Chemist: 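The structure is given below, and queries will be raised subsequently.
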Protein chains: 2
Amino acid sequence: MYKNSTASRLANLTFSLLANCQEKEVHLAKLHRLTQAEFRCLRLFGTDESLNNKTIAERMNLSPSRLTRINDGLVKKRYIRREIDPNDRRNMRVNLSKKGKSLVQQLNKDYVDIHKEILQDINPSQHEQLIMAMTHLLEALEKWLKKTE
Amino acid sequence: MYKNSTASRLANLTFSLLANCQEKEVHLAKLHRLTQAEFRCLRLFGTDESLNNKTIAERMNLSPSRLTRINDGLVKKRYIRREIDPNDRRNMRVNLSKKGKSLVQQLNKDYVDIHKEILQDINPSQHEQLIMAMTHLLEALEKWLKKTE
DNA sequence: ATGAAATATTGTGTATATCAAATATCGATA
DNA sequence: TATCGATATTTGATATACACAATATTTCAT
């Protein structure tokens, strides 16, 4: 039963971790006066990437039509620009504006900084283990999702 | 720069982990023909707990009025029962039905099983350290959230 | 007894999301 | 090259998820 209790302790940990991560996202979105959807959408961009509607929708698990409207908001707020893909005029290529790029960089920096702070509270000798454990966790989760879909 | 790269690896991990956990929740909710809100609400119950509206709302970060309606759904689907608290008739005590209890048990079991699988991929001598590291991560995250609110 | 605080519910407005239909484009083929 | 089927985006209609304010009931302290 040792195995079992370790597993359930781990289960409780990931459960709480999830809740806290979500809260953290809500907080950061508010901080930058973005809706959560807009925030998550921007977070998908590398600073010089150019994505189309459908790709973003798939990565975010949203319908393309929803994305159109989220993008409407981001265009209005001048974070992104739309332009027709010259290679395939059906595609709308979505690019970050200068304002968008600097926000994305800022967000990435903030995000990493949070984890830096967090790591400062943890003994450096445990850092590698933590990364390993989380990697395993992620792999197992992905495996589980693939299995069940 | 070691510190920095560890932090950004951790940042990427928690980011992906969050996305996958959310997907898992969506999947499990659908599987049992529950809305996500209903699913998360049920997950809060220990099998023989009895909670009131406000407590659940607080734990879920939702308004009490929202909870009333989520509970309406769960009552209609026969997972929970409402009864007036005899000690304080303002309270509605919410209990799991037999059907509700068995679902909650099943969900908990599934959840622990996933983590058992994960632990099988990790050397048992490291399990305790892993739990410790994850606990630290959670504590650090909670501290960060408290600081910024 | 009475007024203030706590609790759940109901009414209403807004944000979030989906689905179906319309439009434009592409690519293949007859 | 004219046409048909597939694909991408957008628009309009609609459903769902949520919060806030008002209401009703109950408790509790005075």
Side-chain angles (χ1 to χ4, degrees), chain A residues 19 22-23 25-30 32-45 49-77 79-95, chain B residues 18-19 22-23 25-30 32-45 49-77 79-95 149:
Chain A
Q22 269 162 338
E23 210 176 313
E25 268 205 12
V26 170
H27 177 86
L28 282 178
K30 264 196 196 124
H32 293 282
R33 284 157 220 263
L34 292 166
T35 68
Q36 249 186 292
E38 288 167 348
F39 179 79
R40 269 182 295 150
C41 183
L42 275 181
R43 287 278 301 142
L44 285 184
F45 280 88
E49 226 171 340
S50 156
L51 305 167
N52 65 352
N53 210 345
K54 203 184 176 197
T55 311
I56 304 175
E58 273 165 9
R59 290 203 201 161
M60 289 181 72
N61 278 319
L62 291 175
S63 65
S65 73
R66 177 77 191 115
L67 242 291
T68 293
R69 295 177 238 244
I70 293 170
N71 284 339
D72 285 348
L74 286 170
V75 166
K76 189 168 284 175
K77 293 176 184 173
Y79 287 109
I80 64 174
R81 276 190 307 259
R82 278 193 265 231
E83 58 186 30
I84 295 170
D85 182 346
N87 300 321
D88 183 343
R89 296 178 49 75
R90 290 170 301 183
N91 277 311
M92 291 297 299
R93 303 211 62 79
V94 178
N95 303 289
Chain B
L18 181 62
Q22 269 161 342
E23 209 176 313
E25 266 202 14
V26 170
H27 177 85
L28 284 176
K30 265 198 194 122
H32 295 282
R33 283 157 222 264
L34 293 165
T35 68
Q36 250 185 290
E38 287 167 348
F39 180 79
R40 268 181 294 148
C41 183
L42 273 183
R43 288 278 300 142
L44 285 183
F45 280 87
E49 225 171 342
S50 156
L51 305 168
N52 65 351
N53 208 346
K54 204 186 175 195
T55 311
I56 305 174
E58 274 165 8
R59 289 204 200 162
M60 290 180 72
N61 276 319
L62 292 176
S63 66
S65 73
R66 178 74 192 116
L67 243 289
T68 293
R69 296 179 237 239
I70 293 170
N71 284 338
D72 285 347
L74 286 170
V75 166
K76 188 168 286 176
K77 293 175 185 174
Y79 286 106
I80 64 174
R81 277 189 307 260
R82 277 195 265 231
E83 58 185 30
I84 295 170
D85 182 346
N87 300 323
D88 182 342
R89 296 177 49 77
R90 288 171 303 183
N91 275 311
M92 291 298 299
R93 302 212 63 77
V94 178
N95 303 289
E149 78 197 357

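Chain A is the first sequence line, chain B the second, and so forth, proteins listed ahead of strands; every chain is numbered from 1. Quick caveat, the model's predicted, so the values are computed rather than measured.
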Chemist: Please round to the nearest 0.5 Å and tell me the distance separating atom NE2 of H27(A) and atom CD of E23(A).
Modeler: 9.5 Å
Chemist: Looking only at side-chain N and O atoms, does N91(B) come under 4.0 Å of OP1 or OP2 in dA8(C)?
Modeler: yes
Chemist: What is the distance, rounded to the nearest whole Å, between atom CG of L74(A) and atom P of dT16(C)?
Modeler: 12 Å
Chemist: For R90(A), which residues count as a side-chain hydrogen bond (donor to acceptor under 3.5 Å, both in side chains) partner, sequence neighbours excluded?
Modeler: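 For R90(A), the residues satisfying side-chain hydrogen bond (donor to acceptor under 3.5 Å, both in side chains) (neighbours in sequence not counted) are D88(A).
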Chemist: Checking N52(B) now: which residues fulfil side-chain hydrogen bond (donor to acceptor under 3.5 Å, both in side chains) with it, not counting sequence neighbours?
Modeler: T55(B), N91(B)
Chemist: Suppose we screen for side-chain hydrogen bond (donor to acceptor under 3.5 Å, both in side chains). Which residues come up paired with D72(A), at least two apart in sequence or across chains?
Modeler: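 Once residues adjacent in sequence are excluded, the partners of D72(A) under the side-chain hydrogen bond (donor to acceptor under 3.5 Å, both in side chains) criterion are R82(A).
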Chemist: Would you kindly give the CG-to-C1' distance between N61(A) and dA17(C), to the nearest whole Å?
Modeler: 13 Å
Chemist: Between E38(A) and K77(A), is there a side-chain N and carboxylate O pair less than 4.0 Å apart?
Modeler: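 Yes, E38(A) and K77(A) are salt-bridged.
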Chemist: Check this one for me: any side-chain N or O of N53(B) less than 4.0 Å away from OP1 or OP2 of dT9(C)?
Modeler: yes
Chemist: Is there a donor and acceptor pair closer than 3.5 Å between the side chain of R69(B) and the base of dG11(C)?
Modeler: yes
Chemist: Can you list the steps and then say if T68(A) with N53(A) is a side chain to side chain contact (heavy atoms under 4.5 Å, CB included)?
Modeler: CA-CA 7 Å; T68(A) 293; N53(A) 210 345; 3.2 Å; yes
Chemist: Would you kindly give the CG-to-P distance between N52(B) and dT9(C), to the nearest whole Å?
Modeler: 10 Å
Chemist: In whole Å, what is the span from the CG atom of L62(B) to the C1' atom of dA8(C)?
Modeler: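 Computing the L62(B):CG to dA8(C):C1' distance gives 15 Å.
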Chemist: Please report the distance, rounded to the nearest Å, between CG in N87(B) and C1' in dT7(C).
Modeler: 15 Å
Chemist: Starting at the 5' end of DNA chain D and moving along, which residue's nearest nucleotide shows up first, T55(A) or R40(B)?
Modeler: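 Result of the comparison: T55(A).
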Chemist: For R89(B), give me all partners under side chain to side chain contact (heavy atoms under 4.5 Å, CB included), at least two apart in sequence or on another chain.
Modeler: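 Result, side chain to side chain contact (heavy atoms under 4.5 Å, CB included) vs R89(B): I84(B).
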Chemist: Take the protein atom CZ of R93(B) and the nucleotide atom P of dA8(C), then report the distance between them rounded to whole Å.
Modeler: 9 Å
Chemist: Find the distance between CZ (R43(A)) and CG (L28(A)) and round it off to the nearest 0.5 Å.
Modeler: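 Output value for this atom pair is 8.5 Å.
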Chemist: To the nearest Å, how far apart are Q22(B) CD and dT16(C) C1'?
Modeler: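 Taking CD of Q22(B) and C1' of dT16(C), I get 15 Å after rounding.
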Chemist: Which sits closer to the 5' end of DNA chain C, D88(A) or I70(A), going by the nucleotide each is nearest to?
Modeler: I70(A)
Chemist: Between protein and nucleic acid, restricted to nucleotides 1-4 of chain C and to nitrogen or oxygen atoms under 3.5 Å apart, what atom pairs and distances do you find?
Modeler:
none

Chemist: Is R90(B) near enough to dT7(C) that one of its side-chain N or O atoms lies under 4.0 angstrom from OP1 or OP2?
Modeler: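 The answer is no; no side-chain N or O of R90(B) sits under 4.0 Å from OP1 or OP2.
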Chemist: On DNA chain D, which is the earliest and which the latest nucleotide, 5' to 3', with an atom closer than 4.0 Å to a heavy atom of chain A?
Modeler: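 Reading along DNA chain D, I get dA6(D) to dA13(D).
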Chemist: Nearest 0.5 Å, please: how far is OH in Y79(A) from NE2 in H32(A)?
Modeler: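 Answer rounded to 0.5 Å: 8.5 Å.
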Chemist: Given that R89(A) and R66(A) both sit by DNA chain C, which one's nearest nucleotide is further toward the 5' end?
Modeler: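 Upstream on the strand: R66(A).
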Chemist: Taking atom C1' of dT18(C) as reference, at what distance in whole Å does atom CE of M60(A) sit?
Modeler: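 For the pair M60(A) CE and dT18(C) C1', the rounded distance is 15 Å.
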Chemist: Looking at CG of L44(B) and CD1 of I56(B), how far apart are the two atoms once the value is rounded to the nearest 0.5 Å?
Modeler: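 Between L44(B) CG and I56(B) CD1, I get 7.0 Å after rounding to 0.5 Å.
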